[in-house]
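In this chain, numbering begins with 1 at the start of the sequence shown.
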Amino acid sequence: MTQFKAYETVFHGEPAIGLQAGRYEAVMLPHTGGNLIAFRDNESGYRFLREPAESEMESFKSNPGVHGIPVLFPPNRYEDGRFPWKGKVLNLPVNEPATGNHLHGFLHTAAWEVEEFGAAGHESFVTVKIDVDEQHAIYQYLPFRFTVKLTYSLGADGLRQHLLVKNNGEEEMPCLLAFHTAVNVPFAQGSSSEDCTAKLTIGKRWALNDRMLPTGEYQELSKEELLLKGEGISPFFAAMDNHYTAEPQNGRNRMELTDRKEGVVLVYDVGTSYKQWMVWNNGAAGGFFCPEPHVNLVNAPNADLPAEEIGLFSLKAGEIWEETSRFYVKPV
């Protein structure tokens, strides 16, 4: 009989919520950015996400961007920390000295509140949230009253992620976010990176300047990038810190990581609200890469391009934005 349960646990010394659904297991770290730090298939020995070792926990907590599924809000880079919005300029801290930009927002390092966890029907789940108002540290940079709620559910079909943002205030607010999802390559213990190919629903590649900011122009896709968009290629064919438009295929916006030795495909179906992708592979060092679904173009508030085209989404008073993503495994 399949077991479904959610429980308080500890992950390398950090308070955590564990989920179990039959062969699948997941671990969430509420106090470290609401990070879903582990997703595993214990029957097959698969570890789908890059998990920090116990010896890496201090560096992970100081920079929790390259393990698990960090939440970026607002995501990626903003020139000089400037964030023009509705006739005002918000000033975000410059935290990437090499480029002089603000990087990755505030939620991936924030403590989230556990709202609920448990098992219901044929799944286990955990919901965490952040309520930002005048008393919250984030308000000094994003002076809006809003709630971000994140739910992970685990069942026979894998892992489901649901994200909701609600504007609790009177002023129209930006709704820009991404996930810096770190996927193991390979995810199977008996495989190597040579056994794996990746495919992504990328469209056009944005040209970036020396500060890693989009110029507004496109670059022609290389033959390897055409394979990444098409039949698949190693995610380590070159060092990548690349920005692309999202171009859904067959109605879906997704990354597929195929392990030919195992004969299985890990599907990361992110939903069509994500208008852009970032793809980062740590200098093609191997071991993992980050297919990052982005709502918005990097530096979007500073771009002179149509808002809908670049995912420059907003929420008026009382409005809600939400999207659902899913990880699952299918045969080749």
Side-chain angles (χ1 to χ4, degrees), residues 1-62 64-73 107-131 147-165 179-184 187-189 264 266-270 288 322-329:
M1 183 177 178
T2 301
Q3 292 293 314
F4 301 96
K5 62 179 181 178
Y7 51 95
E8 293 180 316
T9 185
V10 175
F11 179 90
H12 297 334
E14 285 297 300
I17 302 295
L19 303 178
Q20 184 179 334
R23 65 193 299 152
Y24 292 119
E25 178 185 23
V27 181
M28 147 79 77
L29 300 180
H31 305 310
T32 309
N35 194 318
L36 198 287
I37 201 63
F39 172 40
R40 309 164 181 155
D41 177 340
N42 288 326
E43 285 187 17
S44 299
Y46 298 159
R47 301 290 184 269
F48 300 113
L49 300 176
R50 184 178 185 237
E51 303 175 25
E54 189 166 7
S55 61
E56 297 174 311
M57 285 302 290
E58 289 309 311
S59 61
F60 162 70
K61 285 187 288 184
S62 64
V66 293
H67 295 86
I69 310 181
V71 187
L72 310 182
F73 186 99
L107 294 194
H108 67 302
T109 56
W112 294 57
E113 175 190 347
V114 178
E115 182 176 75
E116 185 181 14
F117 64 93
H122 297 287
E123 64 181 21
S124 55
F125 67 92
V126 57
T127 298
V128 295
K129 69 174 183 175
I130 285 187
D131 290 314
T147 296
V148 182
K149 190 175 293 191
L150 178 61
T151 299
Y152 284 101
S153 304
L154 200 61
D157 289 327
L159 180 72
R160 180 167 53 89
Q161 175 199 70
H162 180 260
L163 185 77
L164 178 147
V165 183
F179 292 95
H180 204 292
T181 308
V183 176
N184 278 329
F187 53 81
Q189 294 176 346
V264 298
L266 172 66
V267 181
Y268 180 30
D269 192 329
V270 302
F288 77 101
E322 60 186 330
E323 183 59 282
T324 301
S325 302
R326 180 180 288 279
F327 279 93
Y328 64 95
V329 174

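Counting heavy atoms from C-beta outward, V128 and V126 have side chains that approach closer than 4.5 Å. When side chains are defined from C-beta on, R326 counts as touching D157, because their heavy atoms get closer than 4.5 Å. Using a 4.5 Å cut-off on side-chain heavy atoms (C-beta onward), I37 and T32 make no contact. Between Y46 and V264 there is a side-chain heavy-atom pair separated by less than 4.5 Å. Proximity of N184 to R50: side-chain heavy atoms (C-beta onward) are separated by under 4.5 Å at one or more points. Taking the side chain as every heavy atom from C-beta outward, F125 and E116 approach each other to under 4.5 Å. Residues V71 and W112 meet the side-chain proximity criterion, which asks for heavy atoms closer than 4.5 Å.
Across all non-hydrogen atoms, the minimal contact from P30 to I17 is CG-CG1, 4.2 Å. For the residue pair A6 and L19, the shortest heavy atom distance occurs at CB-CD2, 3.6 Å. Q189 and G45 make their closest contact through CG-O, 3.3 Å (heavy atoms, listed as atom of the first residue, atom of the second, distance). Taking every heavy atom of both residues into account, P52 and H67 meet most closely at N-CD2, 3.3 Å. Between G34 and Y152, the shortest heavy-atom contact is O-CE1, 4.5 Å. Between P70 and P64 the shortest heavy-atom distance is CG-O, 3.2 Å.
The main-chain N or O of Q161 is never found under 3.5 Å from a side-chain atom of S325 such that the two would form a donor-acceptor pair. With H108 contributing its side chain and G65 its backbone, the two residues share no donor-acceptor pair below 3.5 Å. Side chain of D41 to main chain of Y24: no donor-acceptor pair is present (N/O by atom type, distance under 3.5 Å, no hydrogens or angles). E14 places no side-chain N or O within 3.5 Å of a backbone atom of F11 that could act as its donor or acceptor partner.
Within the model, atoms NE2 of H12 and CE of M57 stand 6.5 Å from one another, a figure rounded to the nearest 0.5 Å. Separating the CG atom in D269 from the CZ atom in F327 is a distance of 10.5 Å, to the nearest 0.5 Å. L29 contributes atom CG, which lies 10.0 Å from atom OG1 of T9 (distance to the nearest 0.5 angstrom). Rounded to the nearest 0.5 Å, atoms CG (L154) and CZ (R40) are 11.5 Å apart. Put simply, NZ on K149 and NE2 on H162 are 10.0 Å apart, with the number rounded to the nearest 0.5 Å. Remark: T147 OG1 to K129 NZ distance equals 6.0 Å, nearest 0.5 Å.
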Checklist line | Residues N42, R47; criterion side chain to side chain contact (heavy atoms under 4.5 Å, CB included); working and verdict | finding: CA-CA 8 Å; N42 288 326; R47 301 290 184 269; 3.5 Å; yes
Margin query: Applying side chain to side chain contact (heavy atoms under 4.5 Å, CB included) to M28 and L36, what does each step give before you reach the verdict?
Written below: CA-CA 4 Å; M28 147 79 77; L36 198 287; 4.1 Å; yes
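Using the six-membered ring where Trp is involved, F48 and F39 have ring planes that are tilted, between 30° and 60° apart. Between F4 and H122, the angle of the ring planes goes over 60°, which puts this pair in the perpendicular group of the 30/60° scheme.
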